[in-house]
Amino acid sequence: MSSAPTPTGPATPADADPGTFADLGLRPELLHALATLGYEEPTPIQREAIPPLLAGEDLLGQAATGTGKTAAFALPLLQRMPDERTGGDPVALVLVPTRELAVQVSEAFHRYGKDLGARVLPIYGGQPIGRQLRALDLGVDVVVATPGRALDHIARGTLRLGSLATVVLDEADEMLDMGFAEDIEAILEHAPAERQTVLFSATMPARIDGLARQHLTDPVRIQIERERPVAGAAPRVRQSAYLVARAHKPAALGRVLDVESPTAAIVFCRSREEVDRLTETMNGRGYRAEALHGGMSQEQRDRVMGRLRAGTADLLVATDVAARGLDVEQLTHVVNYDVPSAPESYVHRIGRVGRAGREGVAITLAEPREHRMLKTIERVTGQRISVDKIPTVADLRTRRLELTQAALRESLLEDDLEPVRAIVESLTDEFDLMEVALAAVRLAHEATLPGTADEEEEIPQVAVRPHREARPAYEGRERRGGRPRGGGTTQVFIGLGRRAGVRPQDLVGAITGETRVSGRDIGSIEIADRFSLVEVPYAVADEVIQGLRGSTIKGRKATVRRDRDIDGGDRRERRDRR
Ligand code: AMP
C-alpha cells in the first residue's frame, strides 16, 4: 500500500469520511469503552441515531440485527444517565422479545457503561425471581426485560417506573408477533408521560406505525434498509453466503478458504479486537494471516501489505477503516466474517475484488439471525447472494482431488517430464503402468494436504430462521394457526385454559421467556376451557416442557406434559391420557 491510501473503489458513501464516535458528541468514558472494544467507527445507524437520541428526541428506527442498533440506543441512554444516581429506581427500560436478547442487550450495556458505573439488570422469565428481586432492591439504572416478566414485577411493586427517562422497544415487530402488544401497552401506562421513547423494528408494518403514533412524540425517523440501489456494485463478483453458528465461524472460514483456494483473500471483521483474535486463530490453523486495523501505524500497515504482495502472506484480516482505499492486485476473494452493518459497506468491501475485469468472489459468513440483513443487501444492490451449505468434509476431499488433478494436467501440458522418465520405465518392469501412475498421483496428492487433513471435522449446518411475514397473525384470537416448519412437532399439554384467563400470547411469552425457542418456532395454539395445547418443534419439546414446569402462567403453576408427537422424525404417535 502506498503511504497515503487513495480511494480507488466506487464512490459510495462508505468512501466518505464517516466521522468518529467523538464527532457524535459521546463522553470520554464511552469513547474509552468503545476503543477498548476495538470499534473503529460508528455504523450508519449509530451515526444517524446517536445525535437525536442524545438531544432527548423520540426515535423510530428501522434496522435489523447486525446493523449495530444496540449501541445506537445504548450509548446515548448511558450518556443521559444522571451522574448522581442516588435513587434505586431505573432511569431506562429496554423491552425486548426474548430472554436471549435480554441477556445480549444487557451485556452490551454493561460493556459500554463500565466506566460510568452503570448498573444494568436483565429480567426475563425462567430466571429465579428471587435474584431479580434482590438486584432490583439494591438499585439499578437500566432494566432490560421481556414484557411478561416486566409486568410481573410491576404488579408486585418491585419494578417501579416512576423515574424512567427513556423507554426503548427493541425488535418491536417481533414483540408484537409474539403477542406482547397488550403487555407493552400496560407497561407504557406505568411509565411517566414525560419521557423519551425509542422504537426499533426490522420491519415497519402498519401495527408498528400504530404503536409509534400512539406512544412516540414527533419521532426522528431512521431507515437503514434504504430502498435505493447502491451505485457501483461489482457485477463480476460471484457472491455467496454461508449460514453458520458463531462458535463454528473460524472452522467455517478455514473450510471455505480450503475449498475456494484463493490466491489471496481479505477477511473483514467488525472490530480491532476481532481482527487480532481471528488472525491468531487462522495462523494457528496453518494459514498465513496478517492483521490490518486502524490501531496500527502506517509503517506496520505497509509491511503487512508488502508481505501480501510478495506472497508470504495470503490472508489479510482487516477492519473497514484499515481496508479503505486498498487496492491489491492479488486479491481474488473477499470474506465478510460478519454481515456488514449496511448495504453500502457490503458494496464497498466487495469492490476490493473483481477490479479491472478480473473475476472475484465475495463470501459472507452470517449467523442465522443475520439472514434478514443479507436479504436487505440483496434488495439494495439488486444482486443475488446465493445461500450455500458449508462444504462438508466430503466436499473438501473432492475439491482437493480436483485440485491435484488440475495440477497434474498442467504438469502434463507444460512441464518437461523427461528427467523422471527413467523412474517410470524401471518401475514398469515390475508393476503395471496404471499402478505406477496411481502411486505417483497419491504421493502428489498427499504432498498437497495440510498436516491437519485427518482431523477435519464436520461443521454443523444451521437452518434459516423463517421470515416473520410467513407467520400467521393471531393476536387477540383464541386459536392461533400455523405450524413450525421442518421436522416433526410435538403437542404440549398445559393444564390451564380460558378459565384461568390464558391467552395465546401468554403461552408464547412463557415459552420464549423460559427457553431458547423463538416465537416463530411455535406452531398452533389451542385454548380450551381448562387446558391448552401448543405445538412446538419435536427437537425442543423437552426444553419447553421443563421450562414451563419451572414457571408460572398467569401467576399459576400448571401441569405440563407431552401430549403427542405429530409426524415426528421417528413417527411416534403417542398420546398421553389427559
Ligand atoms: P447489533 O446490530 O446491535 O446486534 O450489533 C451487531 C454487532 O456489531 C455486535 O456484535 C456489536 O458488538 C457490533 N458492533 C456494533 N457497533 C459496532 C461498531 N461501531 N464497530 C464495530 N462493531 C460494532
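When a residue number appears, it is its place in the shown sequence, counting from 1. Values reported hereafter were calculated over all heavy atoms of this structure, with side chains retained and with hydrogens, waters and symmetry mates removed. Counting starts at 1 for both ligands and their atoms, in listed order.
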Novice: With Asp170 as reference, evaluate Leu199, Val144, Val105, Leu95 under the side-chain contact (heavy atoms from CB on, under 4.5 Å) test and give the passing residue.
Specialist: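 With Asp170 as partner, side-chain contact (heavy atoms from CB on, under 4.5 Å) holds for just one option, Val105.
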
Novice: What is the ring orientation for Phe73 with Phe109, classed by angle as parallel under 30°, tilted 30 to 60°, or perpendicular over 60°?
Specialist: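 If you compare the ring of Phe73 with that of Phe109, the planes turn out tilted.
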
Novice: Any idea which atoms of ligand 1 are less than 4.0 Å away from a heavy-atom of Gly66?
Specialist: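 Going through ligand 1 atom by atom, the ones under 4.0 Å from Gly66 are 1 (P), 2 (O), 4 (O), 6 (C).
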
Novice: Tell me which protein heavy atom sits closest to atom 3 (O) of ligand 1, plus the residue, atom name and distance to 0.1 Å.
Specialist: Thr70 OG1, 2.7 Å

Novice: Judged by modelled atom types alone, do Thr197 and Arg195 share a side-chain donor-acceptor pair under 3.5 Å?
Specialist: yes

Novice: Rounded at 0.5 Å granularity, tell me how far CD in Glu48 sits from CD1 in Ile222.
Specialist: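 Interatomic distance, Glu48 CD to Ile222 CD1, rounded to 0.5 Å: 5.0 Å.
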
Novice: Report the member of Ser341, Ala108, Gly68 with the shortest heavy-atom distance to atom 1 (P) of ligand 1.
Specialist: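 Answer by nearest heavy atom: Gly68.
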
Novice: Ignoring hydrogens and geometry, is there a side-chain-to-backbone donor-acceptor pair from Arg255 to Glu457 under 3.5 Å?
Specialist: yes

Novice: Between Gln104 and ligand 1, is there a nitrogen or oxygen pair with a distance under 3.5 Å?
Specialist: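 No; every N/O pair is 3.5 Å or more apart.
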
Novice: Out of Tyr112, Tyr39, Phe200, whose heavy atom is nearest to atom 22 (N) of ligand 1?
Specialist: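 The residue whose heavy atom sits nearest atom 22 (N) of ligand 1 is Tyr39.
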
Novice: Counting only heavy atoms closer than 4.0 Å, does ligand 1 sit against the backbone of Phe21, its side chain, both, or neither?
Specialist: side chain

Novice: In Å and rounded to the nearest 0.5 Å, what is the CG to CD distance from Leu53 to Gln79?
Specialist: 11.0 Å

Novice: From the options Arg270, Glu41, Gln46, select the one whose nearest heavy atom is closest to atom 7 (C) of ligand 1.
Specialist: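 Shortest heavy-atom distance from atom 7 (C) of ligand 1: Arg270.
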
Novice: Which of the numbered atoms in ligand 1 are under 4.0 angstrom from any heavy atom belonging to Lys69?
Specialist: 1 (P), 2 (O), 3 (O)

